[in-house]
Structure formats: C-alpha cells, structure tokens
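What's counted below: heavy atoms across the whole structure, side chains too, no hydrogens, waters or symmetry copies. Each chain gets a letter, A, B and so on, in the order the sequences are listed, and its residues count up from 1.
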Amino acid sequence: MPELPEIQTIVNELERVLPGKRIKSCRVLRDKMVQGDQHRFRQQVKNKNIRKIERRGKYIVITLSSSQMIIVHLRMTGKFIFQPLKSPAQKHDRVVFELQNQQKLIFSDVRCFGTLELVNDINKHNGLSQLGFDPWSRQLTAGILQKKLENRQIPIKTALLDQKLIAGLGNIYASEILFDAGIHPDIPANQLKHEKLASIIRSMRKILRLALKYNGTSISDYRRIDEKQGMFQNFLKVYGKADQKCINCSSSIMKITQNQRSTFLCPGCQK
DNA sequence: AGCGGAACCTGTCGGC
DNA sequence: TGCCGACAGGTTCCGC
C-alpha cells in the first residue's frame with residue numbers, strides 16, 4: 001500500500017501518541033510476519049517503554065527504552081489501529097501490542113506481506129542499511145543521480161522504484177512524478193540528461209510535499225491510524241486514470257506494464 | 001553487476 | 001450464481 005507520504009503520515013500520528021507508552025505484552029497471531037524467533041521478540045518487547053517513532057524510506061522504526069528497535073514494513077496492506085484492550089480481535093489482526101490505559105496497538109495486514117523485526121543495530125538490518133537517498137537529502141542532486149544511473153538501462157520509472165537509489169517512492173508517485181516532470185517512463189535511465197534529472201528531483205519533492213499535506217493516497221487499502229483516509233487520491237493526475245483525458249492536453253491517459261507493474265502516463269505530455 | 005520473472009498471501013472485480 | 005483469471009501503494013530470491 002504505502003509510499004513515503006503514507007508512511008510519514010502514519011509515523012507522525014504514532015509519534016503523537018506512542019512515546020512514553022509501555023508495551024505490557026505482545027501477541028503474535030500470524031507467525032511469519034515477525035522475523036526471527038517469535039518467543040524472543042515477544043519477550044524482549046514486553047515491559048519496554050516506547051521512546052520514539054521515525055521513518056526510514058518505507059520503514060517505520062520504533063525505538064524502545066532498551067535502545068532496541070522494532071523495524072516495521074507495511075508492504076502492500078499493513079496498517080496500525082488502536083482499539084480498547086477488550087474489543088474482539090478482527091480478522092486481519094496479525095500482531096497485537098497491549099499498552100497501558102487498556103488500549104492495544106494492532107498491526108493489521110490483509111495480505112501478510114508486512115514484517116516486524118527487532119534489532120539492536122539499525123545497520124545490521126538488511127533492507128534498511130541499503131536504502132538510498134531520502135528524497136529531501138541535500139546530497140541528492142542531478143549530478144549524483146546521473147552518476148548512479150550511468151550503467152542502468154532500465155526504464156526511468158523502474159529506476160525510481162529502486163529503494164537503493166532513492167528511498168520512499170512507489171508505484172503511484174513514480175507515475176505522478178514523471179507526469180509532472182514531463183518525462184516518458186520508458187526512457188532508459190542512463191539516457192536522461194542532467195537537466196531532466198534535475199526536473200525529476202524537483203517534481204518528486206513537489207509531489208511528495210503535496211501528498212504529505214493531504215496525508216497520503218487512499219485508493220484501496222491504505223489508511224491512516226484508526227482507518228482514517230488520506231485525501232491525495234483526489235489530486236492524482238495519471239495514476240489509475242487509464243483512458244481518461246489528460247488535464248493538460250486532453251490526450252487519453254495510457255496504462256502500460258513495466259517490470260510486472262502498471263505505469264500510467266500521458267502520451268501527449270511525456271516525451 | 002544488471003536485469004527480468006516468479007514468489008510471497010489475500011481479497012476484489014469483471015467477464016463469461 | 002459460480003468459476004477463473006487479472007490485478008493490487010512492495011520486496012526478495014533465483015537464474016541468466
């Protein structure tokens with residue numbers, strides 16, 4: 001489900017309520033979602049205070065009073081929900097943290113792709129340690145991007161999904177960013193000139209900032225904490241709009257497939 | 001090293 | 001109504 005704006009929205013909301021709360025206990029209702037030893041996870045999380053919540057790429061990092069961190073990835077359909085401790089379990093509840101104040105924090109996930117993992121050192125986490133630039137990193141420039149892409153012949157849209165390059169973009173925003181930048185998603189990454197890469201970076205920051213302002217995009221599964229919807233779906237210009245008219249040039253929006261994933265573009269605006 | 005395709009799992013929707 | 005395939009905001013693994 002979620003990309004940077006969605007994850008950041010969730011992190012912001014968790015950060016408002018979780019720090020200082022104690023995890024009284026933890027139940028794992030679906031084994032595979034917790035990486036490593038279930039018993040050890042439950043035991044080491046028990047009776048720890050939550051210190052802070054942060055985003056790294058699409059990961060959510062929950063730091064505990066023990067300095068250990070719970071690394072959460074929502075993948076496609078993961079979400080967090082607060083419920084009264086006594087409320088009945090829902091079908092898709094996968095991991096439940098019992099908090100103080102008779103509340104529980106539920107990690108709910110229809111498809112069970114999501115993951116939770118307890119680590120002592122963030123650098124030891126495989127995915128996290130390999131993340132590329134944060135979109136707002138000052139080190140992320142057109143020049144650096146050009147250098148990193150010099151041996152990559154994959155379509156630029158596919159490159160934008162590579163978390164080792166830029167961390168946080170996903171299928172919706174990759175399409176929206178390339179539309180905003182006026183760049184065709186099929187262009188091989190290493191063929192883009194400095195100036196085009198600069199406009200991709202500019203569009204990326206613009207789109208992400210706007211999406212964050214509207215708390216992300218709720219099309220099917222993504223919800224904020226407690227099932228609230230984001231609103232950026234009302235501002236999408238190409239994603240999910242196959243055969244509709246482009247708002248700029250009235251061409252028909254196209255849907256193509258790249259690397260087994262849908263890409264949306266305007267053939268009139270994106271060259 | 002770079003790249004494409006299958007796999008992970010569940011639900012929904014459209015066509016016949 | 002029922003079955004069947006296609007598709008879904010992501011990542012990882014495997015083989016060329």
Any ion pair linking A:Glu13 and A:Arg224 (charged N to carboxylate O, less than 4.0 Å)? yes
Ion pair A:Asp162/A:Arg152, N-O distance below 4.0 Å: yes
Taking atom types as modelled, find out whether A:Gln8 and A:Arg55 have a side-chain donor-acceptor pair closer than 3.5 angstrom. yes
Specify the separation, in whole Å, of atom [atom1] of [X] and atom [atom2] of [N].
X: A:Arg75; N: B:dC8; atom1: CZ; atom2: P; value: 14 Å
X: A:Asp162; N: C:dT11; atom1: CG; atom2: P; value: 10 Å
X: A:Ile71; N: C:dT11; atom1: CD1; atom2: C1'; value: 16 Å
X: A:Ile10; N: C:dG10; atom1: CD1; atom2: C1'; value: 14 Å
X: A:Leu165; N: B:dC3; atom1: CG; atom2: P; value: 11 Å
X: A:Asn126; N: C:dC13; atom1: CG; atom2: C1'; value: 12 Å
X: A:Lys164; N: C:dT11; atom1: NZ; atom2: P; value: 11 Å
X: A:Tyr173; N: C:dG10; atom1: OH; atom2: C1'; value: 15 Å

Where does DNA chain B pair, written as one dot-bracket string 5' to 3', with Watson-Crick or G-U pairs under 3.5 Å, ( ) inside the strand, [ ] for crossing pairs and | for another strand? .|||||||.|||||||
Does the C:dA8 base have a donor-acceptor partner in the side chain of A:Arg261 within less than 3.5 Å? no
Looking at B:dC3, I'd like to know if its phosphate oxygens (OP1 or OP2) sit under 4.0 Å from a side-chain N or O belonging to A:Arg152. yes
Verify the contact: side-chain N or O of A:Gln163 to OP1 or OP2 of C:dG10, cut-off strictly under 4.0 Å; return yes or no. no
Specify the residue among A:Pro155 and A:Cys112 whose closest nucleotide of DNA chain B lies further upstream toward the 5′ end. A:Pro155
Result for 5'-nearest mapping on DNA chain B, choosing between A:Gln260 and A:Ile154, is A:Ile154
If we take the C1' atom in both C:dA8 and B:dC3, what is their distance in whole Å? 24 Å
For B:dC9 versus C:dG2, give the span between their C1' atoms, rounded off to a whole number of Å. 23 Å
Can you name the nearest heavy-atom pair linking [X] to [Y], along with the distance?
X: A:Gly114; Y: A:Phe107; answer: CA-CZ, 4.3 Å
X: A:Leu169; Y: A:Gln163; answer: O-NE2, 2.9 Å
X: A:Lys46; Y: A:Lys24; answer: CG-O, 3.3 Å
X: A:Arg42; Y: A:Arg27; answer: CD-CA, 4.4 Å

Closest to the [X] side chain, choosing from [options]:
X: A:Lys32; options: C:dG10, B:dC3, B:dC8; value: B:dC8
X: A:Asn259; options: C:dG10, B:dG4, B:dG2; value: B:dG4
X: A:Ser262; options: C:dC7, C:dG10, B:dG2; value: C:dC7
X: A:His73; options: C:dG10, B:dT10, B:dG5; value: C:dG10

Ring stacking, A:Phe113 with base of B:dC9, under 5.5 Å and under 30°? no
Could you walk me through whether A:Tyr59 and A:His125 pass ring pair (Phe, Tyr, Trp, His ring centres under 6.0 Å), step by step? CA-CA 11 Å; A:Tyr59 290 94; A:His125 187 278; 5.2 Å; yes
Please figure out whether A:Lys58 or A:Arg111 has its closest DNA chain C nucleotide nearer the 5' end. A:Arg111
Closest-nucleotide 5' rank along DNA chain C - winner of A:Tyr59 and A:Tyr239: A:Tyr239
Identify whether any heavy atom of A:Lys91 sits under 4.0 Å from a base atom; if not, whether one sits that close to sugar-phosphate; answer base, sugar-phosphate or nothing. sugar-phosphate
